[in-house]
4 protein chains.
Amino acid sequence: MLGTALRLAQSGGQANAGALGFARATTDWQALCADGHVDIVAVTAPNALHEPVVMAAIEAGKTVYCEKPLSTTAASAGRMTEAAERAGIVMLVGFNFLRNPMIRLAREIVAGGEIGEVTGFRGRHAENYMADPDMPHSFRTHPEGGGALTDIGSHIISLARYLVGRITEVAADFSTMQAFWPVAPGSSERAPVEVDDMTHALIRSESGASGSLEANWAATARTMDLSFEITGTGGAVSFTQERMNELLLWSRTPGRSGYTRIEAGPAHPPYGRFCPAPGHHLGFNDLKVIEVADLLEAVAGGARTYPDFREALGVQETIEAMQRASAARSWVGVMAAETATRVRQ
Amino acid sequence: MLGTALRLAQSGGQANAGALGFARATTDWQALCADGHVDIVAVTAPNALHEPVVMAAIEAGKTVYCEKPLSTTAASAGRMTEAAERAGIVMLVGFNFLRNPMIRLAREIVAGGEIGEVTGFRGRHAENYMADPDMPHSFRTHPEGGGALTDIGSHIISLARYLVGRITEVAADFSTMQAFWPVAPGSSERAPVEVDDMTHALIRSESGASGSLEANWAATARTMDLSFEITGTGGAVSFTQERMNELLLWSRTPGRSGYTRIEAGPAHPPYGRFCPAPGHHLGFNDLKVIEVADLLEAVAGGARTYPDFREALGVQETIEAMQRASAARSWVGVMAAETATRVRQ
Amino acid sequence: MLGTALRLAQSGGQANAGALGFARATTDWQALCADGHVDIVAVTAPNALHEPVVMAAIEAGKTVYCEKPLSTTAASAGRMTEAAERAGIVMLVGFNFLRNPMIRLAREIVAGGEIGEVTGFRGRHAENYMADPDMPHSFRTHPEGGGALTDIGSHIISLARYLVGRITEVAADFSTMQAFWPVAPGSSERAPVEVDDMTHALIRSESGASGSLEANWAATARTMDLSFEITGTGGAVSFTQERMNELLLWSRTPGRSGYTRIEAGPAHPPYGRFCPAPGHHLGFNDLKVIEVADLLEAVAGGARTYPDFREALGVQETIEAMQRASAARSWVGVMAAETATRVRQ
Amino acid sequence: MLGTALRLAQSGGQANAGALGFARATTDWQALCADGHVDIVAVTAPNALHEPVVMAAIEAGKTVYCEKPLSTTAASAGRMTEAAERAGIVMLVGFNFLRNPMIRLAREIVAGGEIGEVTGFRGRHAENYMADPDMPHSFRTHPEGGGALTDIGSHIISLARYLVGRITEVAADFSTMQAFWPVAPGSSERAPVEVDDMTHALIRSESGASGSLEANWAATARTMDLSFEITGTGGAVSFTQERMNELLLWSRTPGRSGYTRIEAGPAHPPYGRFCPAPGHHLGFNDLKVIEVADLLEAVAGGARTYPDFREALGVQETIEAMQRASAARSWVGVMAAETATRVRQ
């Protein structure tokens, strides 16, 4: 199945190169990595196929811009992290939602103590793109690295880590509501679904906050509920990607307490690079533009990027801890600290 | 501490009787239960003190209207349930939020199959009434039956059971963010807080749905987020008590899919008993009026009430399962079926 | 038609008296006003019939609690105002939405200068109770005092006056979208509709603010959009009765500006008389309870009431100005100041 | 002042050409229009300076892409319209908000009769970019063609015409809340403000609908409230650019009536050209991309564009009618039909 996905991607690649008017194009990733005129390799292959491409690009000294999740196992993510750090390359993992000026604002608010000490995090990434019982199998549903938690749970985990720090303990519950899916688009042959389409989890963070996470790609009513509420002892922030140009901030004022709906504007960088006035929304594709700009600035100026491979490894370790916790029906610790030490040596 | 609470309640009772112009009043519950002119005993004592009052009222053949939760242990709730069923009295437990016409509508929608088969339940009861570090101890914070899960978690559990059925398995995480509280209002002496102020839980329902629950009385930004989203294979319903006159219903229509905000009106009984036109909100106190009316109709007509003691026992068993799960750091089953059989014999 | 309405009301009155267990009841308003045991006369007759009842009650020295609008012409309202002031009775006109704690808060905010100098008022009272083409005629549709502006436009005018002061100039546009309605419930005979079902108006206030008002009882999608946004040089407040327990307050804070959603609570009197904790909504009927309590306190303590007849006269004069403006297709001044002087003499 | 604006724009032009890496650039519009290698002239000069540039471009047979409003007087707009139609050039006026897929959906819903017959339109374009008392004068505040109605009122007028048809009669009220502004950025010298910063208007459409419009660039609390509610006999649609990826559609279903929040997705062209999945927002800049794509498709395929100069002329005539109405303090007709006939001959 992954082979098919790759072939489809390759033929799509050739067609797109023509449509977009690229001067040169190839569907041979090895040739790409060997090409001396190429500075940056963007890896958008199916998740389970990232490692060989990334490794070749690292070896060739390229800047590597890899789609999220970095890999489908922590072991694989650990190998890439180690190699990239040793080679000293510039790298970025495409957790694109972190690029939203409103998310940067949320981090500024939390890190600056505006809501006091964080006590709770309630997060979710829920969409309905796999709610259709006639959705065909794809690399997303491959047992080796697919499933809702890997595909979109990785987003809400990366957000949680960005905003309230490392997740250290988890309990989790994987569900598969859809029993069978067509083996290919339009096929009447069906194969069992072996990955989670909905995962609920409990979390504890390194700072002592507790909370819950949900990853759900069969959430009938939701198109992009990548959302959270962070509660602190003195306030709270709340957000949903369904209204990505707004951040809710709760602060205490006698008789006037409440959630304030802050709208994106030039006061929230890098919004001003897109428009000089507030109220003119950024869209999803603008987040990708910001991501690429951040990468290019890192290439140009030697600045550190975020999230790098080590951060993506932390996300992957959290996912694996949830997988173990669901199987064991008990809480488990996230192995991040230990793993991190090991892969660093 | 509970003794103090009771004494306060008694003196408050005498004062209130005067203020409200009651012809007769007493603060002696035993005298009340023995009084042949009394038909209904409403039990609003601190939770851990319900049982003796309820038992005396049952013995005297009264109708019993008991505040939620019915008790603070399943064993106690089981004894009351058994006694009440044996005596054949009319009984009601005050899970008042179930009285909301919008909640009845949600149940009608779910039970009628309008959202297909239920796959997920995400619920929460979050308020900030105990977020204040200078909040004094009270019966609510007594280790014998207090805490956020008991006090308000019981509401969201009763809602979950009403809407999607019995909860059969749970994992849970009790947190106590506040370490110390004053021993009495205004006191500088502080005693440790031994109950949860925030509990996160994972749940599985008898129908196979999975989800999460939160009970949080230190949710800084929330005054009444008794809320849920129920996802089905064909739609969803979403609600928060912060907007108690609205229910969101998602249905699928090509190019027109989305959440519809239904406003309470005469189409949603018993709204029409309060106002003949839609858009005129019901308030919290109206829910208590509906509750009392339902009880009186049961007394008058012999109809069954909901939730009765057995239902309240189910809520209590779910709470205890969460307590065990949090202590064990693993999933545990809710003992409802077995207990139910046992107490029935 | 008005006679029919009255007869229906009378027979309804007798039935209700029985259902509610009143010790005494009458449908003879003259007997009522003559009854020495009666202290307060509440006038809820069709609008065009208020005057004789009110006049008799004034003459008998009763406290008069009259439904809004006080009358259907400024001349009639002026006579009642003059008589009531001369007699020195306690009086109240039932603009019940003014009783909402959130509206009192809005006034406190505006009057206290929290949003700076008021520059704009954008208001509306839109409902759909007359959107049905099979709605029968009633006193509401009687040319002598009916129509959307009189029936519900009076509410948004009273709110505008309460919050930003007297309206001094208006332009207006009356529409009648429904051409015919049944003459009686279920009748196939139809009579033309001679009143406005939708009125749009421009306003100028005595303080120099400009804005618009709408009264619409055929607003298909609206059940209770009694709403406004008041813009000031330093902030704004926004409200809709569809979410009557919330007030939006905008204030300027660099990078954090936005509308804050304030939820009703004990900080907003007299909310605390209904519930000691925030987040427990008040409902429409609670506004009537507050109204009656305010009246009784005025009776007991001799305090002034608001809105009194003179205020209701001001509302009526504004309505008449809009009627003249719509007919003349030009701006007209509201005669309030002059009239006020005249009736006072 | 306009000369200064032009000089600033010119020097900005040279700087931008360098920053963006343009191969060729000029700040001489006459040279631009004379250049045989140029196919399309985009006119973004201050509004009062459009005409000479547009006329030169038409004369040279260029495609003309002119910023809104087309001009600052109907006479000027009429001349351009006549010249462009005579020359048969491809032309587009940049009312960019019309490009939003949600606005196209609104039009499809209204035109398709999904909300029945339109009875009311309530629209507004309110922002706060001129609410600052230290905002300097600019071409926007020049009496010859500036002011809130011209600058942003033109947007809501174009939307009203697109959605419910031509506006035929208006009453209006121009306000100038700010008396003085600095003559230049940072200057302590102040000059009087001679244009409206807030205009409220009543409208009647050719189909008989009535309603109101507001243009306000000093709306303290608003960053982009380009919003409307269109009421029909069978439903309604509601929208605000503050949530530009959502359209609210009200439809009648017994017990389930309410506003449905439709989120932008591939079902709403051309959203799918930006992203294959719903919930990934479009932003403001994407609207400009759609606008340019529409223009290029018209150039390539000879399709008609919307809005063309004649449509922009209609907007201008509506603005002028509002100016006359405000001055006359009475209703005036919009001269569109007559003008249209005249310029066509």
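Small disclaimer: the values here were computed from a predicted structure and weren't measured. Chain identifiers are assigned alphabetically (A, B, ...) following the order of the sequence lines, protein sequences preceding nucleic acid strands; residue numbering begins at 1 within each chain.
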> Using non-hydrogen atoms only, which part of C/Ser175 is less than 4.5 Å away from chain D: side chain, backbone, both, or neither?
Replying inline: both
Only pairs of heavy atoms separated by less than 4.5 Å count here; which of [options] has the most with chain D?
options	value
C/Thr233, C/Thr199, C/Asn128	C/Thr233
C/Ala171, C/Ser257, C/Gly235, C/Ala131	C/Gly235
C/Ser238, C/Ser210, C/Ala209	C/Ser210
C/Leu202, C/Thr231, C/Asn216	C/Leu202
C/Ala236, C/Ala219, C/Gly211	C/Gly211

Tell me, side chain or backbone of [X] under 4.5 Å from chain C's heavy atoms, or both, or neither?
X	answer
D/Ala218	backbone
D/Ala201	backbone
D/Ala172	backbone
D/Trp250	side chain
D/Gln178	neither
D/Glu229	side chain
D/Thr223	neither

Looking at [options], which makes the most heavy-atom pairs under 4.5 Å with chain C?
options	result
D/Met198, D/Arg204, D/Glu214	D/Arg204
D/Gly208, D/Pro133, D/Ala221, D/Ala325	D/Ala221
D/Glu117, D/Glu169, D/Arg124	D/Arg124

> Taking side chain as C-beta onward, heavy atoms only, is C/His200 less than 4.5 Å from D/Ile203?
Replying inline: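 Answer no - side chains too far apart.
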> Tell me, do C/Arg252 and D/Thr220 make a side-chain contact under 4.5 Å, heavy atoms counted?
Replying inline: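 The answer is yes; the side chains approach within 4.5 Å.
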